[in-house]
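Counting from 1, the numbers follow the sequence of the chain as shown. Please read all numbers here as calculations on a predicted model, not as lab measurements.
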Amino acid sequence: MSSGQDESSVRVAVRIRPQLSKEKIEGCHICTFVTPGEPQVVLGKDKPFTFDYVFDMDSQQDSIYSNCTEKLIEGCFEGYNATIFAYGQTGSGKTYTMGTGFDVNINEEELGIIPRAISHLFRGIEERRQAATEQGRPVPEFKINAQFLELYNEEVLDLFDSTRDMEARKQKSNIKIHEDASGGIYTVGVTTRTVSSEAEMMQCLRLGALSRTTASTQMNVQSSRSHAIFTIHLCQVRVCASDNVGGTDNKLVNGSSEMNEFETLTAKFHFVDLAGSERLKRTGATGDRAKEGISINCGLLALGNVISALGDRSKRSTHVPYRDSKLTRLLQDSLGGNSQTVMIACISPSDRDFMETLNTLKYANRARNIKNKVMVNQDRASQQISALRTEIARLQMELMEYKTGKRMVGEDGLESINDMVHENSMLQTENNNLRVRVKAMQETIDAQRARLTQLLSDQANQTLARAGEGNEEIGNMIQNYIKEIEELRAKLLESEAVNETLRKNLSRASTRSSFYAGPLLVLCICVLTEDFQADLANITCEIAIKQRLIDELENSQRRLHTLKQQYEQKLMMLQSKIRDTQLERDRVFQNMVESCTEEKAKKIKSEYEKKLNSMNKELQKLQSARKEHARLLKNQSQYEKQLKKLQQEVTEMKKTKVGLMKQMKEHQERTRATETRRNREIATLKKDHRKQEHQLRQLEAQKRQQELVLRRRAEEITALRRQVRPASGKFNRKVSLPEPLQESSPRTAAIRPQTAGATMRTGGVYSTRTARAKWQSLERRISDIIMQRMTISNMETDMNRLLKQREELTKRREKVMRKRDKIASEDTDADRTVLSLNEEMESLTANIDYINDSIADCQANIMQMEEAKEEGDTVDVSAVISSCTLSEARVLLDHFLSMAINKGLQAAQKESQIKVMEGRLKQTEINSATQNQLLFHMLKEKAELNPELDALLGNALQGLTHINAQFTFSFTSDVRFLSHTGFCLMRSSSARSPTATERKSLDRSPLTRRRAQDRMFNASVSCVFWSRGPAASPAQAVRSSRAARLQCVHVAEGHTKPLLCVDSTDDLLFTGSKDRTCKVWNLVTGQEIMSLGDHPSSVVSVRYCSSLVFTVSTAYVKVWDIRDSAKCIRTLTSSGQVSQGDTCGSSSVAIPPGENQINQIALNPSGTFLYAASGNTVRMWDLRRFVSTGKLTGHLGPVMCLTVDQMGKGQDVVITGSKDHTVKMFDVVEGAQGSISATHHFDPSHQDGLEALAIHGDALFTAARDSCIKKWDLTRKQLQEVSNAHSDLLSSLAVVPGSSAVMSGCKSGLLKFWHTDTLRALGEIRGHDSSVNDICTNSSQLFTASDDRTVKIWQVNGSLEDGLH
């Protein structure tokens, strides 16, 4: 196997996903067209893109795999690296194509590339093992490792790491990327799993895929938020393929035993599922989703720059920015390195995604120009063996050429090609021409022989016809005989000619002189050997030919003898039949004479005469055939003589062959001895030659060293001479100055500085002028590019506007269509109404068609602008920049710097103006909302006497309360006085209308207005103020209007980082934060009681029971006794260890080996057992003895949430939710120990990992990352669910106390309420500006912990079954 480099282009495939039902409903058109029979896709009207493969919307997974991936898997078995990665916008089908998104109900036909590749890999391994067993060769050994990486926010994460939690995503990863000596990329700190079967590999892939980061956006319900790289490392040890060089290269013959040589091949296969490129204005991402989208686009931008640098022919000599992103660093081998790479570009066919599709196709088109240097990955021993084997083959070929005389060494020691070789090639050409002529002549001879056979057969038939009536069977038989005789005669003549030639050669060989002397001995021996071999070959060939002739003659003789016997038997039968007929005739005739009449006798006589005549004719024919047969028998005797003669010749030739073989053996022995002697002489000469070359190289090295030393000495002498200062000027002139320059040197010294200065000034002016001209051209080009991009952006905005208009018109048309169908089916007399609706539908259809035409024109204009932009970017700017000198580059850099400063200043001024305007707008909206509230409440008092006005205000107030809730709960303590003011005014207006003095106070200065509002607030609202200490600054109480049933009554502040967990009783509140502390609050006084610190990392869960506080951080659970001045009395670990006091330390962030991250804890209602979710198990702790009693097992992924309920005395029901999408129930009886399996599995499972659980009576509520809330009825086994409950990621869930409602929180800070019986939406409210991480309840209140470092306390007034207002 060759280990040399081979260039391989990156192959690109394009897959067009089918249109979604939502796109069809919204009237989206298809903007892509695949050319039939060609790998070409046309975008828009006439923009073609050609790729290696194109798969249309109806393509299947199997065809994609067979075309794109099968060859890559087969190449891995030969030691070649491979990479396949999917690229495209979000929601274009990348994860589906790659097969990393596991679905419970997926069919085998819908399996992606990775599962099919795994099956193909293990099937190929089994086939190679079976083939080696059948052929009797050693079975190859295979070792397969798997790695699964995730690149999330530019951090490399290990998806096989079961100890990783959500917090680890935001910490710096310990995985490092390195480059080996050969340029290969490898990672350090990644979990590598060794697998031995397809099931194990699929299990690893499933576990990693479940741990991958996904979230919901407006474009994709389950969007990948990170790049995933699944790597398979294949190492195989197999027997080296035999090259048959010399016959003994790969084995050592010792009797019948042999020793095989093995080679080690390694290969790695990267399966890359890139996160989709997305636009924030289309995905609607905010918060963490927006940060993830920005990170994804940055990585894809770096990947695009690498592809441009490698694919653009004008930029191939420039630097390739692999280190701009970890994604490009990991894919360095795949792009321009040692890998066979396939890129699958996934696109959407809808015109709504036209810009994303265009960018993806341009992206993929550049990737086609990338050239990879592919080579076989062998270990060093195998590479050395392969190189040595190649060298041996070359030397043996060279030795053979020397032996055959093709190469020769001249008198001058130079190698040259022998003239005999040229002559031999000419003779071979002539021999080939003669062979063609012989073949043509042979065909002519065959045709003439066939013609002669036909003539002789015709002549024999004519002879038979003259003797009697001819018979067709006899004629065919004679023709076959003649044909066979002619063929035998031709072969006999040919064999005689060859025999004569061999006799002449043999006589020449026997008369050759055998005395040769001097240096021609070896050459003569070679010539004699060749002659002997040629003679022996000719004799062997002639013996074979004559042996075939003998066999054919013997077969022909046997056939003739058989025919002779048959004819003789036939003649004897006919003669006996004639005699019997004659006797019968005589007997009948005699009887007739005695008894019959004369007429009857004549009749019988005539019949018998006819019969006799026919028999006589047949007898004559057979007799003539017998004569011909006799003649052939005579010829057969001649053939027998020839046969005997041929047999004698064959015997003689065999004897001659034996003699020749003996002579050849003798010559070979003599030749071998001579060759051995000559080889020894050649080896001695080569050894001497190498010694001489070595001595020559040593002498040359010595000479170079001496020259180097002399040069250094000369330089030192020159330097010393320059440093010497002579005593007198006369001596200086004699020594330093040459004679012709002694008089002119002072004048020259005076003139030279002036000339140099003038030259520098002229060059500076010239370079500045040229740089200014280049800057002007660059500035014009930059302006043109900006204008082009602004034009494209405006066109894109117009296209989006048209798309929205089309969507609205399509919805209107659907609505009108349903209305028309309903009227037509219910009312038979509504022809006029139906006609008007038809006219409206036709109008809407015409408008939609017009908009579609406008969209198509807009797309065509965008493509034209893109082409013009590419031409301008690649021609003008690159030409100007490449022609700059160093001084010109400095001038251009100065201009660019000043231009950047000016543009930055303008942008900062615009941003400040925008912020001021936004602040004014926000303040105006707040004032407007406050005034609207006041106006409605004032009218509400008057409406008590007017029912019609009351109904009108009720309808308007429903729309207003939602807006006010958003404003009220969207501001934190920075603008809290505004919210308080609004509520104070609303509360006071409910009791009475504002007086003239109060209305006048609203128009005063801000300070006076604020003081007046504070006085009104204190006079009209009764609330509890939380104390503002140095560590905690809780906010003032916030009151909603009388229409709101949910009010935020307190805000707890004091943590310095986001809050992650919360727990409460009726008197105490416990909060855990990222600042590594857990704070305890008094709900009665509103003050912070204590702070529990010294945690190794963030506090992710907190629980309280019987004066004991349990806090979770990394792999530890700390037990605090708050009665004894907040002392840590126990430390529990995830592995089941217990230690006295605080042993985990506050500085150890890393999780120790053998431990797992604890995600959540829960206490049973009696407070005797603690359940801790660590990894994919739940550990049970008996708090009466502080010992671990066992584990709850059965999950494949990490357990993220759990809840505990008590069915009977001493029996706990533990319900767990995991990242493997499943929910399980465990029955734990008192005294249970060891591993406990699940008693119930809740099916169907969620589509993503679980985040929160809540129990309400006999109902279980589950919330997952797929934005779905499910209700499981534990008694009636019924399931209800709400899909897309939140637009962002669900994070928490809780049952509202004293009401039939469930509250859910998401990462965007939104709180939604659902009915516990029907899951009907009751309303929503903006609870926080940041993510709601946890929710808990006590007997009367709700507590929400958020990333904004606050805990809000909510009070429910009445029942929420009819809504929030």
Side-chain angles (χ1 to χ4, degrees), residues 7-19 30-72 75 82-89 92-98 112-113 117 270-274 276-277 300 303-313 316 331 334-336 339-351 353-372 374 859 862-863 866-867 870 874:
E7 282 200 355
S8 173
S9 298
V10 173
R11 290 180 293 155
V12 179
V14 173
R15 183 177 191 181
I16 306 172
R17 67 159 171 82
Q19 264 196 316
I30 295 176
C31 63
T32 58
F33 172 73
V34 177
T35 306
E38 296 290 334
Q40 188 180 71
V41 59
V42 179
L43 181 63
K45 294 182 178 179
D46 54 356
K47 179 61 177 176
F49 292 90
T50 303
F51 300 98
D52 297 290
Y53 313 102
V54 173
F55 302 100
D56 208 352
M57 292 183 287
D58 56 351
S59 60
Q60 300 295 325
Q61 297 278 65
D62 188 18
S63 62
I64 295 174
Y65 176 78
S66 59
N67 287 313
C68 298
T69 317
E70 270 190 351
K71 294 180 181 178
L72 300 182
T83 301
I84 182 167
F85 65 95
Y87 173 78
Q89 73 176 93
S92 59
K94 301 181 298 301
T95 302
Y96 174 77
T97 302
M98 296 301 296
I113 287 176
H270 289 306
F271 298 94
V272 185
D273 181 12
L274 298 176
S277 59
L300 295 176
L303 182 61
N305 293 334
V306 170
I307 290 176
S308 298
L310 293 171
D312 193 351
R313 294 175 181 174
R316 285 187 179 174
L331 298 180
S334 306
L335 299 172
S339 178
Q340 295 177 339
T341 303
V342 172
M343 173 184 177
I344 300 179
C346 300
I347 61 175
S348 167
S350 300
D351 54 1
D353 302 322
F354 176 81
M355 290 304 300
E356 287 81 359
T357 301
L358 176 61
N359 292 331
T360 302
L361 292 176
K362 289 165 59 181
Y363 203 97
N365 198 28
R366 293 200 304 267
R368 292 188 64 202
N369 299 324
I370 298 176
K371 300 289 185 182
N372 289 351
V374 183
Q859 291 172 354
I862 288 173
M863 284 190 290
E866 288 283 345
E867 291 176 358
E870 290 176 0
T874 55

Could you list the residues that satisfy ring pair (Phe, Tyr, Trp, His ring centres under 6.0 Å) with F85, not counting sequence neighbours?
none
Do I344 and F55 touch side chain to side chain, with heavy atoms closer than 4.5 Å?
no
For a quick test of reading the model, state the closest non-hydrogen atom pair linking C31 to F354 and the distance between them.
SG-CD1, 4.2 Å
Taking atom CG of L43 and atom CZ of F49, what is their separation to the nearest 0.5 Å?
6.0 Å
Quick check for you: to the nearest 0.5 Å, what is the distance between M355 atom CE and I862 atom CD1?
5.0 Å
Give a yes or no on whether the backbone of T50 and the side-chain of R368 come within a donor-acceptor separation of less than 3.5 Å.
yes
Using modelled atom types and a 3.5 Å cut-off, is there a donor and acceptor pairing between side-chain atoms of D52 and backbone atoms of A13?
no
Does any part of the side chain of T97, heavy atoms only, come nearer than 4.5 Å to the side chain of C346, both counted from C-beta?
yes
Heavy-atom closest pair (T83 atom, S339 atom, distance to 0.1 Å) is OG1-OG, 3.1 Å
Within the side chain of N365, is there an N or O that forms a donor-acceptor pair under 3.5 Å with the backbone of L361?
no
Would you say L274 and L303 make side-chain contact, with heavy atoms under 4.5 Å?
yes
In chain order, what residues pass the side chain to side chain donor-acceptor pair (under 3.5 Å) check against T341, with sequence neighbours excluded?
N372
Could you go step by step and tell me if V14 and I347 meet the side-chain contact (heavy atoms from CB on, under 4.5 Å) rule?
CA-CA 7 Å; V14 173; I347 61 175; 3.8 Å; yes
Restricting to non-hydrogen atoms, name the atom on A367 and the atom on V10 that form the minimum distance, rounded to 0.1 Å.
O-CB, 3.5 Å
Among I16, D58, V42, which residue satisfies the side-chain contact (heavy atoms from CB on, under 4.5 Å) criterion with V34?
I16
Would you say the side chain of M343 lies within less than 4.5 Å of the side chain of I370, judging by non-hydrogen atoms?
no
Considering non-hydrogen atoms only, spot the tightest contact between M57 and Q19 and give its length.
SD-N, 4.3 Å
When rounded to the nearest 0.5 Å, the distance separating OG of S66 from CD of Q60 is 11.5 Å
For the backbone of G88 and the side chain of E356, can you confirm whether one donor and one acceptor N or O come within less than 3.5 Å of each other?
no
Looking only at heavy atoms, what is the nearest atom pair of P349 and P18, with distance?
CG-C, 4.4 Å
Would you compute the distance between atom CG of L358 and atom OG1 of T32 and round it to the nearest 0.5 angstrom?
12.5 Å
So do V272 and M98 actually touch side chain to side chain, heavy atoms under 4.5 Å?
no
Quick one: which residue pairs count as a salt bridge (charged side-chain N to carboxylate O under 4.0 Å, His left out) with a foot in residues 60-70, not counting sequence neighbours?
D62-R116
In sequence, state the C-alpha distance, the side-chain angles, and the governing distance for Y96 and Q61, and then conclude on side-chain contact (heavy atoms from CB on, under 4.5 Å).
CA-CA 9 Å; Y96 174 77; Q61 297 278 65; 3.6 Å; yes
Minimum heavy-atom distance between R11 and C68, given as atom pair plus value:
NH2-O, 4.0 Å
Residue of the set S59, S348, S92 for which side-chain hydrogen bond (donor to acceptor under 3.5 Å, both in side chains) holds with R17
S348
